[in-house]
**Student:** 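Before I ask anything, let me first share the structure, which is written out below as structure tokens.
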2 protein chains.
Amino acid sequence: MKEKKDRIQAIRDIIRTRDIGNQQELLDILLQRGFRLTQATLSRDLKMLQIVKMSLSDGGYLYVMPDVAASMQSNLTHHFVSPRNIKGVQSVECSTVLVVVRTKPGYASALASDIDQAMIPEIMGTIAGDDTILVIPRGGYNTNQVAEALVKILPRQK
Amino acid sequence: MKEKKDRIQAIRDIIRTRDIGNQQELLDILLQRGFRLTQATLSRDLKMLQIVKMSLSDGGYLYVMPDVAASMQSNLTHHFVSPRNIKGVQSVECSTVLVVVRTKPGYASALASDIDQAMIPEIMGTIAGDDTILVIPRGGYNTNQVAEALVKILPRQK
DNA sequence: CGATTCTTTGAATTTTTTTGCAGAAAAGTT
DNA sequence: AACTTTTCTGCAAAAAAATTCAAAGAATCG
């Protein structure tokens with residue numbers, strides 16, 4: 001069923017590139033682009049895509065992907081966490097869902113091991129390369145909480 | 001007005017700790033706890049709190065904070081990017097939050113190194129195994145943008 | 001205090017979204 | 001092909017959520 005796949009893709013595109021405040025608006029655009037569907041189907045599509053309706057500060061509403069919603073959420077969230085003077089650590093950076101720790105070459109796996117040993121509740125696990133550690137937050141914690149916890153336990157430079 | 005502040009806090013708590021599928025459910029709990037309000041007010045409160053209604057895989061809906069929505073976003077949606085004829089690369093695939101590059105055995109770490117060297121703004125970092133590279137998008141960029149940037153800089157097969 | 005302004009709220013809608021159901025279309029089987 | 005099963009969709013109704021409007025409650029200011 002090609003029609004549906006195309007439609008789903010189109011919905012993604014439209015949601016990403018335009019401000020959609022309710023399903024009717026989106027429906028109109030889709031109809032205009034030649035898709036044939038009703039609002040009922042659209043509701044089901046949006047549900048399947050896990051698109052959410054978020055309130056805007058200006059009073060309106062906006063349909064967005066969850067990760068966009070999170071990034072729009074009152075942006076108090078800093079992206080870089082000061083690594084202070086932690087041995088081997090170059091930087092700690094948070095994306096929406098993951099924390100990336102950059103280390104000096106060769107340090108990553110040792111540090112990752114330290115992190116794992118610490119059994120931090122916020123951290124589900126780590127994956128280490130040569131100079132990069134990927135830290136996966138445990139469900140319920142956001143990347144900033146993880147970064148805070150991380151910075152606390154990492155060995156300091158003396 | 002203290003009443004409102006308390007209520008807002010209570011809503012936060014309830015949303016965090018229980019599964020709320022619609023406003024009536026939440027309203028009932030609030031009434032039970034002694035708050036006096038109607039659905040109209042609740043709608044306004046939820047709007048102000050930027051709480052979103054998200055679809056669950058089991059068919060139901062759930063009111064959650066945006067960051068929780070993002071962390072719940074299922075990664076079933078894999079968009080495949082044609083790797084053209086890039087040396088050693090078997091495939092480049094995007095999930096919602098990560099890009100996975102599959103390579104011929106042994107190529108991964110060299111390629112990951114190339115990627116890191118390129119200092120692509122869209123890319124926060126990479127982690128390489130033997131035949132797989134995990135690419136983490138920097139905040140603000142989506143996986144498709146990363147994949148596009150990647151394909152551009154990767155060495156082509158001659 | 002009294003007048004004025006701003007905020008909050010409920011009742012009653014209106015608007016928007018979801019869903020039960022049945023039929024149509026596609027995919028899978030024999 | 002003929003039959004079965006699964007997926008998809010529209011229609012209409014139900015359910016859920018947002019908003020209009022009027023009024024009650026605070027806050028501000030002279």
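First the proteins, then the strands, lettered A, B, ... as listed; each starts at 1. No experiment lies behind these values; they were computed from the predicted model shown.
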**Student:** Have a look at the helix from C/dC1-D/dG30 to C/dT30-D/dA1 and give the angle its two end axes make, five pairs each, rounded to 10 degrees.
**Tutor:** 40°
**Student:** Please report the distance, rounded to the nearest Å, between CG in B/L46 and P in C/dT9.
**Tutor:** 13 Å
**Student:** Within this structure, what is the CG-CD distance for the pair B/L56 and A/Q50, rounded to the nearest 0.5 Å?
**Tutor:** 8.0 Å
**Student:** Restricting to side-chain contact (heavy atoms from CB on, under 4.5 Å), what partner residues turn up for B/T126, sequence neighbours left out?
**Tutor:** B/A112, B/I115, B/D116, B/I123, B/I133, B/V135
**Student:** Output the rounded distance in Å from CG (A/L37) to C1' (C/dA25).
**Tutor:**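 One finds 16 Å between C1' of C/dA25 and CG of A/L37, rounded.
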**Student:** Salt bridge (charged side-chain N to carboxylate O under 4.0 Å, His left out): which pairs involve residues 38-57 of chain A, sequence neighbours left out?
**Tutor:** A/R7-A/D45
**Student:** Any idea which of D/dA17, C/dT17, D/dT9 is nearest the A/T41 side chain?
**Tutor:** D/dT9
**Student:** To the nearest angstrom, how far is B/L42 atom CG from C/dT8 atom C1'?
**Tutor:** 14 Å
**Student:** Return the nearest nucleotide to the side chain of A/Q23; candidates are D/dT9, D/dA17, C/dT17.
**Tutor:**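 Closest nucleotide among those given: C/dT17.
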**Student:** For B/R16, enumerate each residue passing the salt bridge (charged side-chain N to carboxylate O under 4.0 Å, His left out) test, keeping only those at least two apart in sequence or located in another chain.
**Tutor:** B/D13
**Student:** What donor-acceptor contacts under 3.5 angstrom involve side-chain atoms of residues 19-34 of chain A, with partners at least two apart or in another chain?
**Tutor:**
{"unit_1": "A/N22", "atom_1": "OD1", "unit_2": "A/Q24", "atom_2": "N", "d": "3.0"}
{"unit_1": "A/N22", "atom_1": "OD1", "unit_2": "A/E25", "atom_2": "N", "d": "3.0"}
{"unit_1": "A/Q23", "atom_1": "OE1", "unit_2": "A/Q39", "atom_2": "NE2", "d": "2.7"}
{"unit_1": "A/Q23", "atom_1": "NE2", "unit_2": "A/Y63", "atom_2": "OH", "d": "3.4"}
{"unit_1": "A/Q24", "atom_1": "NE2", "unit_2": "A/D28", "atom_2": "OD1", "d": "3.1"}
{"unit_1": "A/E25", "atom_1": "OE1", "unit_2": "A/G21", "atom_2": "N", "d": "3.2"}

**Student:** Tell me: CZ of B/R44 to C1' of C/dG10, nearest whole Å?
**Tutor:**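 Taking atom C1' of C/dG10 as the reference, CZ of B/R44 is at 8 Å.
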**Student:** Want to settle it: does A/A40 or A/N22 sit nearer the 5' end of DNA chain C, counting the closest nucleotide to each?
**Tutor:**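 Closer to the 5' end of DNA chain C: A/N22.
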**Student:** Residues in side chain to side chain donor-acceptor pair (under 3.5 Å) with B/S109, at least two apart?
**Tutor:** none
**Student:** CE of A/M48 versus P of D/dC8: gap in Å, rounded?
**Tutor:**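 One finds 6 Å between P of D/dC8 and CE of A/M48, rounded.
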**Student:** Does A/K53 have a side-chain nitrogen or oxygen under 4.0 Å from the phosphate oxygens OP1 or OP2 of C/dT17?
**Tutor:**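 Affirmative; the distance criterion is met.
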**Student:** Write down the distance between CZ (A/R36) and P (C/dA25), rounded to a whole number of angstrom.
**Tutor:**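 Checked: the CZ to P distance equals 11 Å.
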**Student:** A/D131 side chain to A/T103 main-chain N or O, any donor-acceptor pair under 3.5 Å?
**Tutor:**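 Checked: no pair found.
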**Student:** Listed in order of residue number, which residues of residues 24-34 of chain B have a non-hydrogen atom at under 4.0 Å from DNA chain C?
**Tutor:**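 Contacting residues: none.
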**Student:** Just to verify, what does B/S113 make a side-chain contact (heavy atoms from CB on, under 4.5 Å) with, not counting sequence neighbours?
**Tutor:**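 side-chain contact (heavy atoms from CB on, under 4.5 Å) list for B/S113, sorted by chain: B/Q117.
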